[in-house]
*Asks:* 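Would you mind keeping the following structure in view while I ask a few things?
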Amino acid sequence: TLLSKDKNNIDVLVASGFNYAWNKEYRSAKERFKHVLKLQPGNADAAKGMAYVYLYEGSYIKAATAFQGLVNANPSSPEFRMALALAYMNLQKKGKAMNEFEKILELNPQNEEAKKYISDIKSGRGIVELMALAGNTLVSDRSRFGLRQVQVGYHINSENLVYLRYDNALSLDNYFLLQSNEKT
């Protein structure tokens with residue numbers, strides 16, 4: 001209703017952009033924030049909203065770039081540093097993320113979230129890991145090379161891992177045996 005009266009109302013556009021973002025309507029949120037930035041280049045709230053939309057939708061490179069700009073403009077903002085660190089974590093850039101978490105602790109030594117992430121990084125666990133195994137199957141005097149197993153895992157926390165595994169080892173061995181006309 002307010003936008004029907006004034007389609008260029010900056011405050012209403014920003015507020016509705018955040019509402020769209022919270023409801024996971026990222027395209028509409030970006031349209032609102034872009035409109036504000038066109039009307040008022042450098043609007044901090046619209047830049048913040050756009051950065052969060054990138055983070056929420058999984059555009060981590062864009063999120064890192066956007067939050068780096070916000071951190072440069074607001075170096076003492078733990079909020080922007082946390083979001084930048086999370087973008088780096090999702091990009092598997094642990095060194096850069098660690099740097100941001102440490103700066104957050106310089107600003108607020110009691111920040112438990114930053115402490116937790118630093119502990120997770122120091123534990124050596126990756127957020128996402130990929131494992132692939134290949135090997136040879138020896139049949140008679142012939143050797144065949146093939147993919148044996150692939151696993152993708154996600155560390156929920158320092159104790160729990162969720163993973164998806166494709167195991168082709170037995171199938172590969174049987175296939176090569178049948179191809180070579182060997183009897184088992």
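Values below: all heavy atoms of this structure, side chains included; hydrogens, waters and symmetry mates excluded. The first residue of the sequence shown is numbered 1, and numbering continues consecutively from there.
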*Asks:* For Arg81 and Pro75, indicate whether the former's side chain and the latter's backbone hold a donor-acceptor pair under 3.5 Å.
*Replies:* yes
*Asks:* Any side-chain heavy atom of Met82 sitting closer than 4.5 Å to one from Glu100?
*Replies:* no
*Asks:* Indicate, with yes or no, if the rings of Tyr52 and Phe18 have centres closer together than 6.0 Å.
*Replies:* no
*Asks:* Using salt bridge (Lys or Arg N to Asp or Glu O under 4.0 Å) as the criterion, list what pairs up with Lys48, not counting sequence neighbours.
*Replies:* Glu79
*Asks:* For residues Ile118 and Leu105, determine if any side-chain heavy atom of one lies less than 4.5 Å from a side-chain heavy atom of the other.
*Replies:* yes
*Asks:* Quick one: does any side-chain atom of Asn74 pair with a main-chain N or O of Ser76 as donor and acceptor, under 3.5 Å?
*Replies:* no
*Asks:* Please list every donor-acceptor pair under 3.5 Å in which a side-chain atom of residues 63-70 meets a protein atom from a residue at least two apart or in another chain.
*Replies:*
unit_1: Thr65; atom_1: OG1; unit_2: Ile61; atom_2: O; d: 3.0
unit_1: Gln68; atom_1: OE1; unit_2: Tyr88; atom_2: OH; d: 3.4
unit_1: Gln68; atom_1: NE2; unit_2: Asn72; atom_2: OD1; d: 2.9

*Asks:* Who pairs with Lys38 by side-chain contact (heavy atoms from CB on, under 4.5 Å), at least two apart in sequence or on another chain?
*Replies:* none
*Asks:* Output all residues satisfying salt bridge (Lys or Arg N to Asp or Glu O under 4.0 Å) with Lys62, sequence neighbours left out; order by chain, then residue number.
*Replies:* none
*Asks:* Pairs in or reaching into residues 102-113: which pass side chain to side chain donor-acceptor pair (under 3.5 Å), with residues at least two apart or in two chains?
*Replies:* Glu112-Lys115
*Asks:* Let me check something: any side-chain donor-acceptor pairs from residues 20-30 under 3.5 Å, sequence neighbours excluded? List them with distances.
*Replies:*
unit_1: Asn23; atom_1: ND2; unit_2: Asn19; atom_2: O; d: 3.0
unit_1: Lys30; atom_1: NZ; unit_2: Glu57; atom_2: OE1; d: 3.2
unit_1: Lys30; atom_1: NZ; unit_2: Glu57; atom_2: OE2; d: 3.1

*Asks:* When you group the ILVMFWY residues by side-chain heavy-atom contacts below 4.5 Å and let the links chain together, are Tyr56 and Tyr54 in the same group?
*Replies:* yes
*Asks:* Taking the side chain as everything from C-beta on, heavy atoms only, tell me whether Met89 gets closer than 4.5 Å to Phe101.
*Replies:* yes
